[in-house]
Amino acid sequence: MKKVSILIPCFNEEKSLPMLYPELAKLMDAHAAYEWELMFVNDGSADGTIDVLKQLRQQDSRVNYVDLSRNFGKEAAMLAGFDYVTGDCMVIIDADLQHPPTLIPEMIKHWEAGFDDVYAKRRTRGRESWLRRRLSLLFYKLLQSSSRFEVLQNVGDFRLLDRKCINALKKMRESERYTKGMYSWIGFRKKELEFDQGDRLAGESSWNYRRLISLALDGITSFSGMPLRISTIVGFMVSMCAFLYMIYVFVKALIWGDPVQGYPTLVILILFLGGIQLLSLGIIGEYIGRIYNETKNRPDYIVRQFNGDDVL
Ligand code: UDP
Ligand code: MG
């Protein structure tokens, strides 16, 4: 019997889980030809999520949970899940029911047909502010144009991955994770399905603009060196212009002499060059900061308990 794991990262989801679990249970009972495993990862929730999980495990042995020692973020929580799932394939799904579990049987069908990565593309994105939608689309465009790897628009973590993909992802232990890029990076046979994203049923989205921007920066820096190249090119062009201007000033001073003048030019040049230098330094800094984090080689997450037992 093939085993299907469902991975659910949870951060403050005590209100969503009692709605999600019955849906999943219904699904599992309806497809008894497979062995099922639910792998909840409690990502340092501050509410009663862990109690709900304990309760669920008591009533259903298919429920497993990994309890992280603090909030490590969704990317790290998913990695913890990758390490703990035991299925022949795994479906990653959000706890807030924005991803319809009813799509899972279809994913499994395509998996049985030989696809390794069956991902779900959002046809609609649910309720979301105009600005957030715009920024998110802009980010995808930026990343796509700067990276060699295909970055799929409106495709998130909702997908089915074969054991081959899980093992490949487990090998990628970088600490600044951008998992959406990794799915493309590892390759394998992919299949696209579409779904309509609903609204979050309970609780609140934990992705404020600050976290989204930080994820976007991780995405760009871990999959593209383009910002560095741009700062090189801009630096080169600016110094070319400066060189030409230098010749012009020099020749002008030789021929017509140089009464002190040009204060505005000076100020503009200083500010302009200063700005470009700071910008380039900032870009370099973004990369160096990530190199620094990476070299510390810390674990990506720390587990407090697995299924109620301490992990030593
Ligand atoms: N999540 C997590 N750790 C975090 C933030 C979010 O495990 O630090 C989980 C959350 O519980 C949910 C999924 O990631 O299952 C998606 O989060 P959310 O619904 O807040 O994001 P959105 O749907 O607004 O992008
Ligand atoms: Mg959500």
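Just follow the structure's listing: the first ligand is 1, and inside any ligand the first atom is 1. Quick note: numbers below take in every heavy atom, side chains included, and nothing from hydrogens, waters or symmetry partners.
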Identify the protein heavy atom lying closest to atom 14 (O) of ligand 1, giving its residue, its atom name and the separation to 0.1 Å. K74 CD, 3.2 Å
Which heavy atom of the protein is the closest neighbour of atom 3 (N) of ligand 1, given with residue, atom name and distance? D43 OD2, 2.6 Å
Starting from atom 15 (O) of ligand 1, which protein heavy atom do you reach first, and at what distance in Å? P9 O, 2.7 Å
C10: numbered ligand 1 atoms lying under 4.0 Å from its heavy atoms: 7 (O), 11 (O)
Starting from atom 13 (C) of ligand 1, which protein heavy atom do you reach first, and at what distance in Å? D94 OD1, 3.4 Å
Over 60° means perpendicular and under 30° means parallel, so classify the ring planes of H110 and F115, tilted if in between. perpendicular
Taking the non-hydrogen atoms of E75, is any one of them nearer than 4.0 angstrom to ligand 1? no
Check this for me, if you would: do R290 and E294 make a salt bridge, where the nitrogen-to-carboxylate-oxygen distance has to be below 4.0 angstrom? no
Taking 4.0 angstrom as the limit, do R189 and D162 come out as a salt bridge? no
Closest non-hydrogen protein atom to atom 23 (O) of ligand 1, residue and atom name please, with distance? Q98 OE1, 2.6 Å
Identity and distance of the protein heavy atom lying nearest atom 10 (C) of ligand 1: E13 OE2, 3.2 Å
Close-contact set for ligand 1 against D96 heavy atoms, below 4.0 Å: 19 (O), 23 (O)
When you compare the side chain of K121 with that of F195, does any pair of heavy atoms fall below 4.5 Å? no
Testing K3, R62, K2 for salt bridge (Lys or Arg N to Asp or Glu O under 4.0 Å) with E37, which one passes? K3
Which residue holds the protein heavy atom closest to atom 20 (O) of ligand 1, what is that atom called, and what is the gap in Å? S206 N, 2.9 Å
What atoms in ligand 1 come closer than 4.0 Å to a heavy atom of R132? 24 (O), 25 (O)
Report yes if some heavy atom in the side chain of M39 is under 4.5 Å from a heavy atom in the side chain of V66; otherwise report no. yes
Y34 side chain to M28 main-chain N or O, any donor-acceptor pair under 3.5 Å? no
I need the atoms of ligand 1 closer than 4.0 Å to a non-hydrogen atom of N71, numbered in the order shown. 3 (N), 4 (C), 8 (O)
Distance to the ring centre below 6.0 angstrom and angle to the axis at most 45 degrees; does that hold for R159 and Y183? yes
What protein heavy atom sits nearest atom 17 (O) of ligand 1, and how far away is it? W207 NE1, 3.3 Å
How is the N/O/S atom of D96 that comes nearest to the Mg ion (ligand 2) named? OD2
Can the positive tip of R70 be found less than 6.0 Å from the middle of the six-membered ring of F72, inside 45° of the ring normal? yes
